[in-house]
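In what follows, a structure is listed as structure tokens, so that the remarks can point back to it.
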Amino acid sequence: MDSALIPEGAKRCAFPKFALGIAIVGAVVLWGVYAMGLIWWKGLNQTNMNDNYGFALWIWADLAVIAVGGGAFFTGLLKYIFKVDELKNIINFAVIIGFICYSSALLILAIDIGQPLRGWFIFWHANVHSMLTEVAFCLSCYFAVLTIEFIPNILENRQANKVPFFHHLAHNMHGVMAVFAATGAFLSFFHQGSLGGVAGVMYGRPFAVREGLLIWPWTFFLFTWSAAAFGPCFTLLVTKITEAVTGKKLVKDNVVHLLAKISGWMITTYIIAKIIDTIYWATVTVPGLGLDIDHFYSNNAFYGYWILFTEIIICGVIPGLLLIMKSTRENPTLRLLAIILGVIGVCLNRWVMVLQIMAIPVMSFDTWALYIPSWQEVATTVLPVAYGIILIAVTYRYLPVFPQEKELNAVQPVTETE
Amino acid sequence: MNKNDKKAHKFGMVIDLDKCTGCGSCMVSCMSENNVPFKEDESNKKDSITWMRVYKLTNGKSFPETEIVYLPRPCQHCGGKGDHGHSPCVSVCPATATDYGYDTGIVSQIYTRCFGCRYCMGACPYHARYFNWWDPKWPEGMEKYLSPDVSPRMRGVVEKCSFCYHRYQAAKDKAYYDGREDIEENEYQTACTTACPAGAIVFGDLYNPAHRVHEIVKPDPHPASINSTVVGKSRNPNVFRLLERLGTNPKVYYLSEREWVRKAGDNYLAGEWDKIKNHHGSESHG
Amino acid sequence: MSKVEHKSESGSEESTGECAAGDTKDDKGLGLGVIFFILAFVICFLSGTLLFPKLLYSKKEQPFNFDHKLHVEQTSDCESCHALREDGSFNGIPKLAKCMECHSETPLGETKDEAVFAEMYVAKEKEVPWYVYSRQPDCVFFSHAAHTKTKGMDCVTCHGPIGTSTTLKPYEENRITGYSRDIWGQNIWGIKKHSWDRMKMDDCAECHKKETGHQGYCFQCHK
Amino acid sequence: MKVDRRSFLGLGLGAVAGISVSPVILKLTDDSSIWTQNWPWTPVPVDGEVSYVSSVCSLCPGSCGISVRKIDDRPVKVEGLDEYPINDGGACLHGISILQYLYDPARIKTPLKKKGDKFEEISWDDAVSMVAKKLSDIRSAKTPEKLACIIDKDQGSVSGLFKRLMKSFGSTNLYTMPSFESYLELTAAALHGKGTTIGFDLENSDFVLSFGAGVIEGWGSPVSCFKANASRKERGAKLYQIEPRLSNTAANADKWVPIKPGTEADLALGMAAVILKKNLFDAAAAAKFKGGFNKLAATLQNDYSLSKTSEITGIKETDIEETATLFAKAKMPVAVFGKGRGDGSQSLKELIAVHSLNCLVGSINRKGGAFIQPVKNYLEFPEESMDDAAKEGIAKPKFGQYVHDLFEKVNVSSQPAVEALFVYQSNPCYALHDTKTIKQAFGKIPFVVSFSSFMDETAGEADIILPVHTFIERLEDIPSGAGLAKMVVGLSKPVVKPLFNTKHPGDILLLIAKALGGSIGKNFEWASYDKCLETVAGSIWKSLSKSGHAILAKGVPEAPPEVDMTFLAGNPASVQSNGDGDLMLIPIDNMRLPSSAPAAAPFSIKTVSDEVLKGKDTVVEINPKTAGSLKNYDYVTLTTPVGTAKVMINLNDGMMPGVIGMVKGLGHTFDNKYVSNKGVNINDLIGPVIEPGSGVDAAFGIKVKISRA
Amino acid sequence: MFPFNFEWVWDMAHVIFFGGFWYAISILGAGLTYCILKAAYDTFKGGGESHHHH
């Protein structure tokens with residue numbers, strides 16, 4: 001019944017099946033929206049945050065989605081600025097994932113603040129010394145860039161593209177996309193960085209504080225680097241999941257291998273920097289404040305050295321190595337393992353930089369604080385995931401997201417059951 | 001900039017922990033002075049608003065060697081690294097809802113500007129900032145005791161100790177009326193200071209050598225030798241600040257004759273204290 | 001598919017003029033669209049500018065009229081009624097007791113307003129519930145002493161020539177915020193001609209910047 | 001004309017564009033945020049003229065001067081009154097919270113009558129005539145002794161009026177709740193003769209030997225003690241604290257001497273033995289001892305040798321000897337008694353034993369010592385006229401000396417021993433040991449009249465409640481007690497007009513007396529309580545009304561009184577605790593929680609640590625060694641012979657092993673969600689232990705069994 | 001955000017920060033405007049043509 005909207009030559013499942021899937025995920029969205037409504041109506045007492053945990057679950061989610069959404073800016077940068085042409089076959093999808101991640105991040109921020117109707121104060125009464133101001137400005141600008149990057153793909157919908165104006169608009173936007181992509185990369189560099197800066201400038205928190213360059217602590221650069229490194233992993237992971245769900249191959253292996261290789265080198269270089277940063281922090285910064293590194297990983301029920309080891313070695317060094325070595329990179333199973341570990345790694349890093357910071361006592365007579373989120377927090381954190389699934393489903397169904405889809409799936413028409 | 005204003009004050013506090021009895025008068029005086037609300041259950045101290053919080057510290061030894069001390073903790077009104085006014089919280093507020101008054105050294109918090117991002121709370125290592133998770137509600141009729149000098153906070157914003165700034169405003173008003181340039185030491189005292197039955201809290205201008213707080217603290221105008229971002233370290237060997245090494249430069253000082261109490265004020269590596277303690281307070285030329 | 005094409009064109013303001021001007025195909029639908037666009041634009045713009053303020057503000061009449069001019073003639077200044085207290089605070093609108101210093105038991109004039117005053121308030125010992133045009137929100141601390149006494153500022157600078165008025169204008173209250181309209185100013189765009197036309201924080205800051213070289217710290221004016 | 005989609009689109013876009021360039025969006029964005037800044041449900045305090053009214057606080061016997069800041073007619077803040085002779089500007093958290101009492105949701109707003117399980121509102125006229133009717137019936141039955149009365153304190157004009165009513169009525173059954181003052185008078189009576197009391201000159205003493213007295217835990221006149229303690233270091237004075245728990249006082253003291261609970265008297269006697277043995281006593285003072293000093297000395301040498309004392313008390317011999325020696329050698333030593341706040345149950349033997357140390361070293365009526373002076377009766381009530389019924393009634397014996405005797409009598413009698421009971425400003429159903437039996441007694445009294453401002457546990461048991469003004473709504477003389485070295489009467493003033501349909505307790509008594517008529521009415525012929533006070537205050541009224549207080553005595557009293565050692569010379573037995581548990585449960589006095597009436601204010605509750613109250617659970621203190629495998633905040637069940645309770649535990653190294661400490665002041669059950677239904681009332685777990693020889697309830701704790709819950 | 005805002009100060013921090021911000025905004029705005037205008041132009045130029053350039 002919606003065949004007129006489906007890209008030419010593409011096979012999609014029957015509409016009722018599609019609608020059912022959307023309805024199921026939609027129920028999760030409604031649950032999240034209900035929780036969101038409760039929070040807006042009744043206030044943040046609906047969460048289990050407290051004065052120790054001013055940043056909690058969904059701020060971690062916020063940072064995590066922005067980190068994994070980093071695939072969009074980095075792929076865009078490679079495609080449009082460094083002219084890595086193969087990436088045109090995955091750029092649309094990277095942009096959609098980025099769009100989902102960033103719109104989710106903005107939504108989470110709107111739920112997170114205690115006074116949503118005053119949210120615009122961050123722009124209007126901006127304190128330029130605050131990393132959060134930098135985040136807000138760059139984040140919203142970069143979201144605008146993502147929207148701009150997304151629009152041509154929307155306009156390529158079979159029906160929309162029939163409209164000459166839309167057709168031309170899409171065409172022209174493609175034409176100047178490099179300018180947008182460059183601006184996006186600039187903005188993204190700063191907001192990814194300033195998210196890292198958010199933690200790094202907190203010099204009252206020895207676990208977070210880092211020295212750095214000018215006003216930017218090392219975490220600023222580490223965050224940007226890690227988002228660029230692990231973002232493509234997430235793009236690849238979501239591509240893989242989409243392929244699994246649709247039962248089709250959507251992106252050619254050479255593209256995947258290329259992105260995986262780039263990601264691998266980025267991860268490896270990042271993790272070297274991270275290790276150096278950690279060693280410097282543990283041996284110079286923290287002892288200078290009278291603290292032993294043990295302080296941050298002991299005397300509590302949850303945070304031990306395991307988290308440091310998992311983040312850096314298991315989810316950093318290992319995926320990095322797996323992706324830079326050709327043999328492992330081109331092994332589908334090991335590649336999948338590497339990108340999953342990578343995504344976990346960057347999420348864990350954000351967790352540590354949000355939640356562990358809050359948990360650690362600073363005053364000698366303070367105590368560790370652990371925190372368990374409320375269902376409302378969980379629901380509003382799941383909300384973006386469900387919303388993302390719906391948006392991917394809809395865009396996949398109606399937009400020519402994967403340029404190689406037709407080619408890859410035309411050769412075996414017999415096995416097509418979708 | 002007014003940073004170098006000759007008329008500037010630097011209001012600060014010194015709390016004698018040997019006199020403090022942990023009675024709680026300062027907390028209640030503060031709550032009642034500043035229209036701090038209360039809830040049905042305040043036993044979860046992580047969501048209980050007490051601008052002035054009294055911590056109980058122990059020396060960690062077992063019976064009968066145990067010792068305890070109470071440590072009242074208002075907002076520390078940090079001057080930030082180098083005492084330039086970039087307090088941990090002020091520098092991170094995205095909407096300029098908190099600023100550093102270079103004329104008084106007092107860190108403000110403007111509830112109507114705050115939009116509740118809570119970044120400042122994360123940045124403050126003293127837990128001195130509190131979030132209004134709930135709408136403030138008073139039992140019917142009890143809102144009649146609210147003071148018009150301090151505006152009640154609405155849900156969704158951060159609040160904290162203001163060093164009873166409204167009392168400074170009132171004292172200045174009086175001085176204006178009398179045609180005076182400035183106020184006397186006793187004209188501006190915080191609610192906790194006046195309430196303390198043990199007289200453990202002394203409040204005044206750290207710049208003014210005639211004020212008691214200056215006499216006790218004897219702040220060192222030079223940066224500390226071990227950490228150049230630390231300014232205003234006390235030259236009184238019994239006086240210390242909380243987490244002084246972080247460079248937050250609090251304007252709240254503590255006084256104790258007990259070594260373990262002074263040591264509890266900051267973090268020290270094993271063996272470090274013994275090296276530092278002898279220099280403590282008198283190391284400006286070290 | 002030209003219908004859709006033109007629809008899309010009128011979708012952005014920039015292209016409207018060009019579109020209308022270049023429209024040589026005499027497409028009725030498009031013409032109608034443009035007309036509707038202009039019509040809606042004008043109606044909405046005008047209602048946003050003219051009708052909206054009327055809806056936004058409710059008008060309230062003061063309990064009775066007060067002739068400032070008459071009273072100033074008798075007292076010759078503002079401070080006789082609007083005075084600083086000895087602690088330096090400002091008494092605002094005087095209480096009944098202050099009025100009674102002059103009005104005592106016998107009426108001083110024969111106006112209808114004074115009769116209302118005597119009957120409704122003096123006789124019942126009730127304070128007059130005046131609406132205060134210049135009422136600032138609870139978060140604001142303002143020291144009259146600092147401005148009038150120390151710096152010798154004129155009341156008119158902020159309050160305007162109230163002293164020469166013979167009638168009280170209706171009090172306009174913002175239905176959303178509860179603020180007096182005089183805070184935002186009568187002009188809906190917030191444009192002011194006199195220093196007393198608006199009383200927003202920016203107006204305070206503007207003067208402070210000029211007079212003291214610094215807009216001031218938050219706590220100077222907030223509580 | 002064809003109106004198609006394009007037209008609608010044009011319309012829509014035009015509208016959007018038109019609104020966008022009008023001021024609507026800008027203004028609404030601004031106004032909606034301003035709306036959040038002025039939410040109508042967030043209160044806006046009304047501004048006005050500031051004024052200050054000074055008065056006196058009577059929440060506790062401390063009797064501090066207070067200064068109330070008002071905005072127009074509204075009191076908004078309470079602070080200590082500068083230069084007031086007791087507290088000189090300081091204030092405790094409860095005093096600062098007074099306005100929360102004033103506006104307490106548990107205030108009783110109008111007279112109430114019990115109907116079934118509920119109360120219904122009645123008029124003052126009806127209430128007073130019902131009370132008068134009941135009292136007339138009792139008199140007609142010629143059993144005036146069946147009117148009993150419990151008041152909060154012995155001194156002051158309101159107590160005077162209650163006493164006057166009882167006497168005119170013909171009943172001797174007037175009781176005061178146990179208080180520190182009552183123990184001071186009992187102790188002084190035993191050693192120095194009836195009608196005297198003791199004050200401690202802490203601010204001048206150079207060695208304070210405290211037998212569990214919570215000098216900074218609300219003992220005595222709290223603020224005055226805080227001040228004396230704070231000046232201690234500047235004066236170079238010492239404080240030695242003897243008690244099983246590292247209380248705040250112990251923590252602040254120069255030395256903490258942990259002692260087995262209940263053996264304080266033995267330690268005091270052991271120290272006396274050391275002082276005698278080492279000849280460190282004041283010979284001149286000892287020369288004036290009478291009543292068997294030599295016998296006592298002999299007993300001490302036999303029964304309280306260092307080793308024996310050490311064994312009983314668990315304190316090292318050297319510590320006992322050293323402390324006793326330091327105490328005796330100090331210039332101005334003073335030994336203070338009264339565990340915790342001093343108002344809980346105390347053993348008279350212990351108090352006398354401790355005070356005899358003061359006598360031994362000559363610290364009586366010496367600077368920095370203990371001041372013995374007559375209880376000042378500064379009020380001059382005219383002689384009562386007594387009719388025959390009153391005279392007959394007065395001749396009948398009282399049920400007993402103490403308030404627990406009254407309830408004991410009620411509970412053991414099959415016929416109502418008490419027909420009517422007045423309870424004024426006290427909460428026996430909460431504050432006395434074994435509250436179950438107290439409530440049972442209340443059930444057996446046909447007519448209970450409560451004079452209370454708040455709906456507390458006892459008011460809830462009443463048949464009629466006559467609500468009284470809170471003390472900041474009324475005029476009253478407030479005599480200081482609480483072991484202060486000086487005697488001050490303060491004047492509590494109506495700071496604010498009464499908020500509700502309440503009356504001054506004195507005026508209620510005047511109304512009742514008038515309704516009863518006859519000689520009773522004649523004894524209360526004042527126009528109002530205020531007039532009555534002015535009359536009976538006589539010579540001090542001028543000072544009271546002018547400066548807000550009158551000083552009855554200050555400085556060192558002359559001529560040390562006699563010392564009678566008879567009580568101790570009889571070698572009375574020490575009080576033993578009830579029960580067979582292997583641990584000892586002792587009450588803890590916490591400055592932030594009042595232990596009796598009125599209950600804590602919401603502000604005070606808010607300051608209570610989560611090591612004391614967590615959610616709705618009381619947290620008890622226990623040494624980690626005693627706790628064994630139990631962890632912090634584990635639930636346990638405490639079982640005593642009197643009751644059981646589920647509580648959480650706090651592992652506390654400052655607690656003596658084998659002892660469990662539970663805070664007093666929690667577990668209220670009346671209707672106030674900020675204060676009530678939090679934790680356990682320790683009085684539900686402890687039963688009275690009557691001390692042989694003195695008859696006081698001297699339970700210092702109770703044996704308890706603990707099990708994981 | 002704007003020089004007429006209360007918090008605005010003409011110092012280095014503001015100039016750098018908002019300089020970057022307005023620069024990015026201008027590029028995005030200019031790019032978008034260009035695309036839209038060009039598309040409108042192309043539409044009229046090309047009439048109902050629907051050829052593909054890529």
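Predicted model, so just to flag it, every value in this text is computed and none were measured. Naming: A, B, ... by sequence-line order, numbering from 1 per chain.
Using a 4.0 Å cut-off between charged side-chain N and carboxylate O, Arg118(B) and Asp112(A) make a salt bridge.
Put simply, the side chain of Val157(B) reaches to within 4.5 Å of the side chain of Gln115(A), judged on heavy atoms.
Asn267(B) places no side-chain N or O within donor-acceptor distance of the main-chain N or O of Leu289(A), the cut-off being under 3.5 Å. Checking side-chain atoms of Arg205(A) against main-chain N and O of Pro125(B) turns up no donor-acceptor pair under 3.5 Å. In this structure a side-chain-to-backbone donor-acceptor pair under 3.5 Å is missing from Arg155(B) to Leu44(A). For the pair Tyr119(B) (side chain) and Val198(A) (backbone), a donor-acceptor distance under 3.5 Å is present.
A donor-acceptor pair shorter than 3.5 Å can be found between the side chains of His127(B) and Asp366(A). Counting only N and O atoms by type, the side chains of Asn50(A) and Trp133(B) include no donor and acceptor under 3.5 Å apart.
Phe115(B) has its ring centre no less than 6.0 Å from the ring centre of Phe121(A).
Ranked by heavy-atom pairs under 4.5 Å with chain A, the list Lys45(B), Lys263(B), Lys46(B) is led by Lys46(B).
Taking a 6.0 Å sphere around OH of Tyr34(A), one finds it holds 12 or fewer heavy atoms contributed by other residues, nucleotides or ligands.
Looking at Met363(A), both its backbone and its side chain come within 4.5 Å of chain B, counting heavy atoms on both sides.
Separation of atoms CG (Leu242(B)) and OG (Ser364(A)) is listed at 8.0 Å; rounding is to 0.5 Å.
Stacking of Lys81(B) on the aromatic ring of Tyr203(A) is recorded, both the 6.0 Å distance cut-off and the 45° axial limit being met.
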